[in-house]
**Student:** 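Please see the structure below; I have some questions.
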Amino acid sequence: MLTELLTQVFVVVTIALLVSIAVFVGRERLLETKAAWRSRLRVSAPTIVTLLAVLVLNRIMRQQGEDISGKIGLHMTETFYRLEGEFVLIFQSIATDELTAYFSAIYVYGYTFMLVFPVIAYFALSDTRIFRRLLTAYSLNYVIGLVLYLLVIAYGPRNMMPEEVTVTMLYDNSPEYRHLTREVNSYDNVFPSLHTSLAATVAMFAYQTRSSYPKWFPVAIVLAVSVAISTMYLGIHWGIDVAAGLVLAVTCVALSTHLVDRWSLAELLEHAERRLDERGRDTE
């Protein structure tokens with residue numbers, strides 16, 4: 001089942017990417033990228049390696065972090081419920097089969113597409129700074145989110161009040177997605193909503209790059225809002241998780257601005273080479 005679902009996600013997202021590249025990126029930028037991809041990749045290598053390392057760490061901790069969280073984490077489910085009440089049940093009043101199908105698709109396919117497309121689009125820009133900032137912001141989202149998952153033990157509405165949210169609950173309407181989401185999510189890791197934080201991160205970058213990709217900006221906004229709503233509509237996250245996700249996104253985008261280009265790997269290597277040459281001359 002998992003392999004079948006992954007294949008389905010891959011096919012759908014690939015089709016969406018091909019269409020989006022044709023519409024938003026365009027042939028001219030693709031030709032420029034083909035000629036300059038090596039230099040762009042070389043400049044961006046540290047941020048790419050960092051993100052890959054963070055994703056591996058995230059994968060390990062999602063599988064083994066439960067023991068650590070059990071020792072140091074605070075149980076916050078009841079607190080969230082007392083603070084927020086039954087806010088997410090507002091979505092039950094507007095639920096329809098069509099909306100449930102839409103938000104389920106957004107949560108699985110739209111979210112995946114939304115994270116991948118900007119990576120391609122910003123790599124196609126001649127200035128790699130936006131591309132490196134995006135990858136840095138992704139890394140920060142995962143790292144900070146992972147720390148919060150270790151510190152905060154919280155179950156979502158689907159676990160706290162399953163009968164009330166069953167109308168729109170993702171796993172009741174599309175049980176096959178359970179096989180997919182349990183590979184990346186844990187039931188007690190809902191604070192903050194990383195779906196919301198990463199989608200909002202993409203939307204903020206879309207706003208900052210709207211002069212380069214004017215058509216992508218409104219699409220990114222619609223997708224980001226849909227992803228945030230889907231997490232509550234489907235009974236996965238509390239409103240507090242979504243609010244925390246938005247704060248996390250703003251923090252990570254701001255930090256990426258300050259961190260990128262602050263330290264140059266090329267300059268560090270040149271400095272190390274000079275030090276080695278000086279030591280070599282001293283010993284002669």
Side-chain angles (χ1 to χ4, degrees), residues 6-7 9-60 109 111-143 198-199 201-217 219-220 223 249 252-280:
L6 289 174
T7 302
V9 172
F10 176 79
V11 170
V12 172
V13 172
T14 298
I15 293 173
L17 287 173
L18 291 175
V19 173
S20 300
I21 289 170
V23 173
F24 301 126
V25 179
R27 184 171 179 273
E28 186 176 342
R29 279 204 176 95
L30 289 179
L31 292 175
E32 292 176 358
T33 303
K34 183 180 179 182
W37 70 270
R38 286 186 178 83
S39 61
R40 295 179 190 179
L41 198 61
R42 186 167 54 251
V43 172
S44 307
T47 52
I48 295 173
V49 172
T50 299
L51 177 58
L52 293 176
V54 167
L55 292 177
V56 171
L57 175 64
N58 179 70
R59 176 71 175 174
I60 294 172
Y109 303 106
Y111 172 71
T112 306
F113 160 75
M114 196 174 186
L115 296 192
V116 177
F117 174 70
V119 175
I120 299 171
Y122 297 151
F123 188 73
L125 295 177
S126 57
D127 184 354
T128 63
R129 180 176 168 79
I130 289 293
F131 175 73
R132 288 179 287 134
R133 280 189 54 211
L134 176 74
L135 300 192
T136 302
Y138 280 180
S139 298
L140 289 168
N141 270 282
Y142 281 111
V143 169
L198 286 164
T201 295
V202 170
M204 283 187 277
F205 273 94
Y207 173 76
Q208 294 176 359
T209 59
R210 62 192 184 284
S211 60
S212 299
Y213 293 116
K215 296 177 182 176
W216 166 242
F217 172 54
V219 175
L223 286 175
C252 293
V253 172
L255 285 175
S256 73
T257 304
H258 292 288
L259 291 175
V260 169
D261 284 342
R262 191 175 183 86
W263 297 281
S264 169
L265 183 61
E267 291 180 359
L268 290 175
L269 291 174
E270 289 177 3
H271 179 70
E273 289 177 358
R274 285 198 300 270
R275 292 291 298 273
L276 288 174
D277 290 340
E278 290 173 359
R279 288 183 181 179

**Student:** Quick one, Leu259 and Leu140 - any side-chain contact, counting heavy atoms below 4.5 Å?
**Tutor:** yes
**Student:** If I take atom CG from residue Leu57 and atom CG from residue Leu52, how far apart are they, to the nearest 0.5 angstrom?
**Tutor:** 12.5 Å
**Student:** Grab the two heavy atoms, one from Ala254 and one from His258, that are nearest each other, plus how far apart they are.
**Tutor:** O-CD2, 3.1 Å
**Student:** Between atom OG of Ser212 and atom CD1 of Ile130, what is the distance when rounded to the nearest 0.5 Å?
**Tutor:** 8.0 Å
**Student:** How far does CG of Leu125 sit from OG1 of Thr128, to the nearest 0.5 angstrom?
**Tutor:** 9.5 Å
**Student:** Hey, does Leu198 have a side-chain heavy atom less than 4.5 Å from the side chain of Tyr142?
**Tutor:** yes
**Student:** Check whether any side-chain heavy atom of Gln208 sits under 4.5 Å from a side-chain heavy atom of Val253, and report yes or no.
**Tutor:** yes
**Student:** Is it the case that the side chain of Ser44 and the backbone of Leu41 share a donor-acceptor pair, with hydrogens and angles ignored and the cut-off at 3.5 Å?
**Tutor:** no
**Student:** Going from CG on Leu134 to OG1 on Thr209, what distance comes out if it is rounded to the nearest 0.5 angstrom?
**Tutor:** 9.0 Å
**Student:** Establish, for the pair Arg133 and Tyr138, whether the NZ or CZ atom is under 6.0 angstrom from the six-membered ring centre and no further than 45 degrees off its axis.
**Tutor:** no
**Student:** Compare every heavy atom of Ser20 with every heavy atom of Ala16, then report the nearest pair and how far apart it is.
**Tutor:** O-OG, 2.7 Å
**Student:** Knowing that exactly one of Tyr122, Phe123, Trp37 qualifies, which makes a ring pair (Phe, Tyr, Trp, His ring centres under 6.0 Å) with Phe131?
**Tutor:** Phe123
**Student:** Give the minimum heavy-atom separation between Arg29 and Phe24, together with the two atoms involved.
**Tutor:** NH1-O, 4.3 Å
**Student:** With a 4.5 Å cut-off on side-chain heavy atoms, are Met114 and Tyr109 touching?
**Tutor:** no
**Student:** Would you confirm whether the ring centroid of Phe117 sits within less than 6.0 angstrom of the ring centroid of Trp216?
**Tutor:** yes
**Student:** Which heavy atom of Ser139 sits nearest to which heavy atom of Val54, and what is that distance?
**Tutor:** O-CG1, 3.8 Å
**Student:** Quick one, Ser256 and Arg132 - any side-chain contact, counting heavy atoms below 4.5 Å?
**Tutor:** no
**Student:** Given side chains that start at C-beta, do those of Arg27 and Glu32 come closer than 4.5 Å, heavy atoms only?
**Tutor:** no
**Student:** Should Thr257 and Arg129 count as side-chain neighbours, where that means a heavy-atom distance under 4.5 Å?
**Tutor:** yes
**Student:** Distance from Ile48 atom CD1 to Leu135 atom CG, nearest 0.5 Å?
**Tutor:** 6.0 Å
**Student:** If you take all heavy atoms of Cys252 and Ala137, which pair is closest and at what distance?
**Tutor:** CB-O, 3.9 Å
**Student:** Please report the closest heavy-atom contact between Val25 and Ala124, naming both atoms and the distance.
**Tutor:** CG1-CB, 3.9 Å
**Student:** With side chains defined as the heavy atoms from C-beta onward, is the minimum distance between Thr136 and Thr50 less than 4.5 Å?
**Tutor:** no
**Student:** Once rounded to the nearest 0.5 Å, what's the spacing between atom CZ of Phe10 and atom CD1 of Ile15?
**Tutor:** 10.0 Å
